[in-house]
Trainee: 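Next up is a structure, given as structure tokens.
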Amino acid sequence: MAFNPMDILAGLNPAQRQAVQTIQGPLLILAGPGSGKTRVITHRVAYLIKVCGINPHRIMAVTFTNKAANEMRERLERLLGQTSEALTLGTFHAICAGILRREGKVIGLDPRFVIYDEEDQLTLIKQSLLEVRLDPKHYTPRAIQSAIKAAKSRGLSPKEYAHQTHSYFDEVVHRVYEHYQQLLTRSQAVDFDDLLLKTVQLFAEHPEVLNRYQSRYLHILVDEFQDTNITQYILIKQLAGKYRNICVVGDPDQSIYSWRFADLRNILSFEKDYPDTKVVFLEQNYRSTKTVLEIASHIISANLKRKPKSLWTENETGVAVAIVETYSEDEEAQFVVGEIEKLASDGEASLRDCAVMYRVNAQSRALEEAFMRYGVPYKLVGGTRFYQRREIKDIIAYLRVLHNPSDNISLMRIINIPGRGIGQRTLAELSAWARSQNISLYHALKASEEKEPAFTPRTTYALNTFFNLMEELRNKSKELSLSELVDEVLESTGYQKYLLGQEDGEERWENVLELRAATEEYGGLSPEEALATFLEKVTLVSDVDELDEKAEAVTLITLHQAKGLEFPVVFIVGMEEGVLPHRKSFDDPEEIEEERRLCYVGVTRAQKQVYLLRAYRRSFLGGSSLNPPSRFLKDIPPHLVTIKGLWEEELFAPVAAPSPRRFTLLSLKIGEHVHHKIFGEGEVIDCSRMGDDQVVTVTFKEAGTKKLLLSLAPLKKVEKAPEFRS
């Protein structure tokens, strides 16, 4: 059967057809979520080849991930019935690497150059610091690495960066950046950002090379254009300079990567650089219900820096968004687990249909514990399980050594974290001597001065200092509460300073504070019992076997990682001021707009149902706080909302905190029995007053001990159940 070129347009809606068939001049495709943009790009390439007769050799299609490039190539092969090896299809970095291997000699780059990864870069930056006589202890290598990456994303060479220095730190970065590039050149190496920057340099310094590539590429397509940085924008502008047949696809409302140096101005200002741009809106959504789209549109419409769109769908109306208010992050997690189990048991959704999304990784702790506790399978996407994260394992290793000094594995993990001048060679010698003496590493530390041959005085001092620190902590562990002990470990070891000196240190520190907050619930136990109980619980959570990815499992994922995915049912937790939007964004209107876009991305991942959850009180980032509802909740019209969870009441009034008068206060006494909607039956073991309110501590038969604010907790007095024993 002969190929009919017009089959390429079959199944496309009018806007999609327009995007595919507009082949002359610059084209901006503003593609709303779920509007089939990947389908449009693929069909556009096929249309250029089969209908317009363009040689695939003259087409470049740029994606942001190898996965996206592979998917697009597979779709093209199915659509065209043949492979198109001549087509340039890949990520920015892959395409630039190919150009540099072919052309890089003219800028002094050997075709056999190696590409340094993040760890290689960091090693080289440390070497650069030493060689320019700067102390790595005073100038954090990761912070300098981040500054260099930021400079390269803006297209700045070391010389250009020097003209933009405003502080002493900028001057330090310039010195290291300059020397770092010299070391790269000496090694005939490039880093990831150099692949882009050096290609821009190549084209700028050698017009004859640029002309060859401009003449070759008659058509250029770029996906996810809202995620490009300045260097990428310059590169595309260079390549499209001759024919100007440049097609960019993106959505300003889904620009959520400024922390990776993506520049929203690239897509918002595209029409200024190309005044004859044709703009096509892809507004028909194939993913979500009418209700989900209306909710998302109300949330995002408050942003100013955007290209307004009118998303619509022929899908069903669907159910209202469920807004859920809970007392704490633990109740929030328990509601999520309970609701997912209910959906599964009612046949409304499978476990794999459900995704739980959150603003920061630290929020997964309460969720993971709840899923583990109730035996509901889950998988954590794009990250490590909370108790397997490096910084969490570090602190737990300290606690394990304090609890059991014979734990050699934990001791080896922390002996030089933070750095104490105890290197791998010293540790290897100490371990060998400990084995020869049949003693643990901890006891070897104590007796290190007896080792033959002896360590150097400096090494012996470092070992003794660490041993004395651990002995002091061991003594304190017998007196301090668990949370106080964690504070003491963080303080005496200097772990906070160690973490915050790293590029991603603030997020890792947030995880440590989340761990610290989790230790508060052990305050009623003796120090030794609390430490033992906590470590046992952590072991049960962290040592479970990895779940089979093919098995039914709920997805736990950050909002940033969820971009590009879709699920029938989406839960977004932490819908509070200070969480989403994050407190760091409060002073910057542009950052608030990005937080709103992040919420929009989360909501538009849903096909059928959205749950937005908030906790009245959250133990988060090292403390317990009362967070008002997220401002984004107030953007949703009440007629699109149904209230679920602990209190079925209006959430839209700007109330700072629930008033105790909203509930009829019970007068509870120690020993009385109560029933909680989620926790079930329990016995009151402690009562105290908080102003006009009452704080009660209840031991529940299934959920353990909980401290509750009586004005908020849905408690009812019950007669003592015959089978309940406190």
Side-chain angles (χ1 to χ4, degrees), residues 33-34 253 285 287-303 310-313 315-329 331-336 338-340 342-343 346 348-349 353-359 559 562 567-581 595-616 618 627-659 662-663 677-678 712 714:
D253 290 339
N285 178 283
R287 174 189 300 157
S288 306
T289 64
K290 291 182 174 67
T291 298
V292 170
L293 288 189
E294 190 173 354
I295 292 164
S297 296
H298 279 288
I299 289 173
I300 199 62
S301 62
N303 272 6
S310 299
L311 298 181
W312 63 278
T313 184
N315 294 339
E316 62 184 0
T317 300
V319 298
V321 61
I323 294 185
V324 184
E325 186 175 46
T326 62
Y327 177 69
S328 67
E329 74 275 12
E331 287 189 7
E332 179 182 67
Q334 288 177 355
F335 176 89
V336 169
E339 189 71 7
I340 289 175
K342 182 177 182 298
L343 291 171
D346 292 346
E348 296 181 25
D353 288 338
C354 301
V356 187
M357 302 176 186
Y358 36 86
R359 174 62 177 82
L559 288 161
F567 302 89
V569 183
V570 167
F571 294 79
I572 302 179
V573 299
M575 293 293 299
E576 303 141 29
E577 291 291 297
V579 182
L580 182 65
E595 293 290 303
R596 186 180 294 278
R597 293 194 293 270
L598 195 56
C599 183
Y600 173 79
V601 164
V603 170
T604 55
R605 298 312 92 197
Q607 295 169 318
K608 297 181 178 179
Q609 176 69 59
V610 178
Y611 292 80
L612 303 177
L613 298 94
R614 67 164 293 244
Y616 166 61
R618 184 176 296 274
N627 298 321
S630 170
R631 66 191 71 185
F632 306 147
L633 291 176
K634 296 180 175 64
D635 295 324
I636 305 174
H639 73 275
L640 297 175
V641 171
T642 181
I643 306 300
K644 290 193 175 185
L646 303 185
W647 305 286
E648 297 184 0
E649 59 186 62
E650 179 62 65
L651 293 180
F652 301 97
V655 180
S659 168
R662 290 159 66 187
F663 301 89
K677 286 185 178 180
I678 291 179
L712 294 177

Trainee: Is it the case that the side chain of K608 and the backbone of T289 share a donor-acceptor pair, with hydrogens and angles ignored and the cut-off at 3.5 Å?
Mentor: no
Trainee: Would you check if the side chain of T291 reaches a backbone N or O of T317 as a donor-acceptor pair within less than 3.5 Å?
Mentor: yes
Trainee: Would you mind checking if R359 and E595 are paired as a salt bridge, meaning a charged N to carboxylate O distance below 4.0 Å?
Mentor: yes
Trainee: Supply the atom-to-atom distance H298 NE2 to D635 CG, rounded to the nearest 0.5 angstrom.
Mentor: 9.5 Å
Trainee: Measuring from atom OH of Y600 to atom CG of D253, what distance do you get when rounded to the nearest 0.5 angstrom?
Mentor: 5.0 Å
Trainee: Determine whether Y611 and V356 satisfy the following criterion, side chain to side chain contact (heavy atoms under 4.5 Å, CB included), listing intermediate values before the conclusion.
Mentor: CA-CA 9 Å; Y611 292 80; V356 187; over 6 Å; no
Trainee: Measure from the side-chain N and O atoms of E576 to the backbone N and O of A615, and report whether any donor-acceptor pair falls under 3.5 Å.
Mentor: yes
Trainee: Check step by step if side chain to side chain contact (heavy atoms under 4.5 Å, CB included) holds for E339 and C354.
Mentor: CA-CA 10 Å; E339 189 71 7; C354 301; over 6 Å; no
Trainee: My understanding is that only one of R287, Q609, M357 makes a side-chain contact (heavy atoms from CB on, under 4.5 Å) with F567; could you say which?
Mentor: M357
Trainee: Among E577, E329, E332, whose salt bridge (charged side-chain N to carboxylate O under 4.0 Å, His left out) with R618 holds?
Mentor: E332
Trainee: Just by modelled atom types, is the L580 backbone N or O under 3.5 Å from a matching donor or acceptor in the S630 side chain?
Mentor: yes
Trainee: Find the distance between CD (Q607) and CG (D353) and round it off to the nearest 0.5 Å.
Mentor: 8.0 Å
Trainee: Kindly compute the distance separating CZ (R597) from CG (L559), expressed to the nearest 0.5 Å.
Mentor: 13.5 Å
Trainee: Could you go through N315 and V292, starting from their C-alpha distance and side-chain angles, then the distance that decides it, and tell me whether this counts as side chain to side chain contact (heavy atoms under 4.5 Å, CB included)?
Mentor: CA-CA 11 Å; N315 294 339; V292 170; over 6 Å; no
Trainee: Does L311 reach the side chain of P33, with side-chain heavy atoms less than 4.5 Å apart?
Mentor: yes
Trainee: Considering all heavy atoms of both residues, which atom of L640 and which atom of A320 are nearest to each other, and what is their separation?
Mentor: O-CB, 3.1 Å
Trainee: Quick one: closest heavy-atom pair of A296 and V603, and the distance?
Mentor: CB-CG1, 4.0 Å
Trainee: Parallel, tilted or perpendicular for Y327 and Y616, by the 30°/60° rule?
Mentor: tilted
Trainee: How long is the gap from CZ on F632 to CD1 on I572, to the nearest 0.5 Å?
Mentor: 10.5 Å
Trainee: Please find the pair of heavy atoms, one from P629 and one from K634, that lie closest to each other, and give the distance.
Mentor: O-NZ, 3.8 Å
Trainee: Calculate, to the nearest 0.5 Å, the distance between atoms CD1 and CG belonging to I299 and L598 respectively.
Mentor: 11.0 Å
